[in-house]
Amino acid sequence: MRDPRDELDQRRKVGLHRQLRHFSATSGAQAIRGKDTPLLNFGSNDYLGLSHHLRLIEAAQSASSLHGTGSRSSRLVTGSLDLYTELESRLATFKHAEAALTFSTGYATAVGTLTALLKKGDTVILDKLCHACLIDGARLSGATVRVFPHHSTARLRAILEKTPRSPDSRVIIVAESVYSMDGDFAPLREMVDLKNEFGAWLLVDEAHALGIYGGNGAGRISELGLQNDVELQMGTLGKAAGSAGGYIAASADIIELLINSSRSFIYSTAPPPSQAAASIAALDIIQSAEGDQLRAHLRQLMQAFAPGTSCQIIPHPIGDADSALRASAQLLEQGLFVPAIRYPTVPRQQARLRISLTTAHTLDDIQTLRSALAALPQ
Ligand SMILES: *Cc1c(COP(=O)(O)O)cnc(C)c1O
């Protein structure tokens, strides 16, 4: 039998061994290590600070008091509380879609959706930098998996030209609207044109765009006016929405098909009622004047970091995995938590520090970070 210690040693040798980082508490822009070592946290996806918002906390508490802490069964058995229907109808409206379906996580959403909609003989075409859950869903589906270089619509076109099409097969193009490790934006307009030209569907993962982009925080698809052009609008409620869970917004027929065939939806206990309640409260705030203020503050922080910064996710390129770990450790000594991101999360030799700005940060925090980054060895 293969000894697990060999695999661990191999990872250590190439700087790719991973360890959990333990925090005793987190609040606002701080993460507390051990008894009382506060760190300025630049590793959180809670971009609007909603996970500690009183309205979300109260919504979660009252849902727990009313409905209990667990949902006790799959949605298709007895777990489908009205709270989920309410959340889904709110999401559908927000996304200008006919319907929406929620899952326990974004990961479960991607895997459950791609495996339900695709089978052998179909084709799924992904941007090279798509998130692991999209890759896993594509692979598990049994469809032919094709990959195009990051943002390359020319290569996407070339793949589409060679993809067989028939009335009873499907072709789905997959992209993220904002890439999680690069903080850049997919060329969605061009992708919509291509999928129309070739009769494909488009799945866009808005994990890092919900709450941040678009007039009312509906995301990049909405910002670009493409709500009626994207067949599968996906996202997570665990990042800017400060809660947990994933969603797909789509046509009523697609949603009904997912309810009937998505295995991560069918064979899993419904998420706790508190999760749905907190998510609804988050959608309220995201779409309110308070949401606008939070987004304005976030944009101000982005400009303070570097003029022209257009995304709250900022990669600081390093190169090899060991150097990225050392840089992260050096920042940690100065009280800054900035995670090192390594293969396989990003390509080999493209290790980096990943900075995420949140509304919990102050302009002073941004200056502290800028000075610390400038002092890193080049
Ligand atoms: C975080 C993330 C997910 C997974 O969402 P979870 O709710 O955390 O499971 C999916 N896609 C992208 C692009 C992500 O960054």
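For ligands, and for the atoms within them, numbers begin at 1 and follow the listed sequence. Values in this document were obtained by computation on a predicted structure and should not be read as measured data.
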Count the heavy atoms of every other residue, nucleotide or ligand shown that sit under 6.0 Å from CZ of Arg5, and state whether that count exceeds 12.
-> no

Compute the minimum heavy-atom distance from Cys133 to ligand 1 and say whether it is under 4.0 Å.
-> yes

Per-atom contacts of ligand 1 with Asp205, taking only distances under 4.0 Å to non-hydrogen atoms = 10 (C), 11 (N), 12 (C), 13 (C)

Which option, Glu176, Glu206, His208, owns the non-hydrogen atom nearest atom 15 (O) of ligand 1?
-> His208

Distance filter under 4.0 Å to Thr236 heavy atoms, resulting ligand 1 atoms = 5 (O), 6 (P), 7 (O)

In the protein, which heavy atom is nearest to atom 1 (C) of ligand 1, and how far is it?
-> Lys239 NZ, 1.4 Å

If we number the atoms of ligand 1 from 1 as shown, the ones under 4.0 Å from a heavy atom of Ser180 are 15 (O)

Atoms of ligand 1, numbered as shown, that sit under 4.0 Å from any heavy atom of Tyr107 = 4 (C), 5 (O), 6 (P), 9 (O)

More than 12 heavy atoms of other residues, nucleotides or ligands under 6.0 Å from CD of Glu256: is that the case?
-> no

In this structure, which one of Arg354, His150, Arg352 forms a side chain to side chain donor-acceptor pair (under 3.5 Å) with Asp182?
-> Arg352

Fit a plane to each ring of Phe185 and Tyr213, take the angle between them on a 0 to 90° scale, and name the class: parallel (under 30°), tilted (30 to 60°) or perpendicular (over 60°).
-> perpendicular

Are Met191 and Trp201 joined in one hydrophobic group, where the rule is that I, L, V, M, F, W and Y side chains link up if heavy atoms are under 4.5 Å apart?
-> no

Does atom CG of Asp6 have more than 12 heavy-atom neighbours, drawn from other residues, nucleotides or ligands, at distances under 6.0 Å?
-> yes

Ligand-residue contact atoms, ligand 1 with Gly106, heavy atoms, under 4.0 Å | 4 (C), 5 (O), 6 (P), 7 (O), 9 (O)

Group every Ile, Leu, Val, Met, Phe, Trp and Tyr by side-chain heavy-atom contacts under 4.5 Å, then state whether Leu87 and Leu258 land in the same group.
-> no

So, does Ala207 sit close enough to ligand 1 that a heavy atom of it is under 4.0 Å from the ligand?
-> yes

